Amino acid sequence: MAEILAGAIGAAIDHRRVPLARVRQWSTDLAAMFAYFTDVGLHLDVAGLRRDYPEVGWHGFVDWAAAQDWTTLLPTAPRDHASSTS
């Protein structure tokens, strides 16, 4: 995800894993969600969802990231990555 976002905003993103104990100090709910994703995972039938709900207009993370106006969402983003139209 960091690599995709870095490409979309045109700047490096430094990913650092934060220990769950530290996350738990901020939010027990957020820590529980991260623990679930780490221990159990999130398994989705993407093809089935797309088939059963075509009206949603599904898109991938790469396409979503490219379509964002990062200069509005993240004012420090480089200007040449302002939106998917640039």
Side-chain angles (χ1 to χ4, degrees):
M1 289 178 75
E3 185 177 319
I4 291 168
L5 287 174
I9 68 171
I13 294 177
D14 184 24
H15 171 266
R16 296 181 190 161
R17 185 176 295 263
V18 177
L20 282 177
R22 186 151 185 217
V23 175
R24 199 170 286 111
Q25 292 174 338
W26 299 320
S27 169
T28 56
D29 290 337
L30 187 60
M33 181 183 70
F34 288 160
Y36 180 86
F37 289 156
T38 299
D39 298 340
V40 177
L42 184 60
H43 307 285
L44 300 172
D45 178 3
V46 175
L49 287 170
R50 289 177 186 236
R51 179 191 65 241
D52 295 344
Y53 302 97
E55 70 278 7
V56 170
W58 301 98
H59 56 272
F61 187 66
V62 172
D63 295 332
W64 171 85
Q68 302 310 303
D69 181 356
W70 291 105
T71 58
T72 299
L73 298 170
L74 184 65
T76 59
R79 284 290 189 206
D80 61 337
H81 287 78
S83 72
S84 61
T85 60
S86 58

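The residues of the chain are indexed from 1 along the displayed sequence. Since we're looking at a predicted model, the values are computed, not measured.
In terms of heavy-atom proximity, Ala8 sits nearest to Ala65 at CB-O, 3.6 Å.
Note: the hydrophobic cluster containing Phe61 does not contain Leu44 (ILVMFWY, side chain heavy atoms under 4.5 Å, direct or indirect links). Val62 and Leu73 fall within the same hydrophobic cluster, where Ile, Leu, Val, Met, Phe, Trp and Tyr residues are linked whenever their side-chain heavy atoms come under 4.5 Å apart, directly or through other members. Met1 is connected to Leu74 through a chain of hydrophobic side-chain contacts under 4.5 Å among Ile, Leu, Val, Met, Phe, Trp and Tyr, so both are in one cluster. Linking ILVMFWY side-chain heavy atoms closer than 4.5 Å, directly or via other members, places Val40 and Leu20 in a single hydrophobic cluster.
Residues passing the side-chain hydrogen bond (donor to acceptor under 3.5 Å, both in side chains) test with Arg17: none are found, sequence neighbours excluded. For Asp63, there are no side-chain hydrogen bond (donor to acceptor under 3.5 Å, both in side chains) partners at least two apart in sequence or on another chain. The side chain to side chain contact (heavy atoms under 4.5 Å, CB included) test applied to Ile13 returns Ala2, Leu5, Ala6, Ile9, not counting sequence neighbours.
A donor-acceptor pair under 3.5 Å is absent between the side-chain atoms of Trp26 and the main chain of Ala31, judged by distance alone. One N or O on the side chain of Gln68 and one on the backbone of Trp64 form a donor-acceptor pair closer than 3.5 Å.
Within the structure, side-chain hydrogen bond (donor to acceptor under 3.5 Å, both in side chains) pairs that include any residue of residues 32-58 do not occur (at least two apart or interchain).
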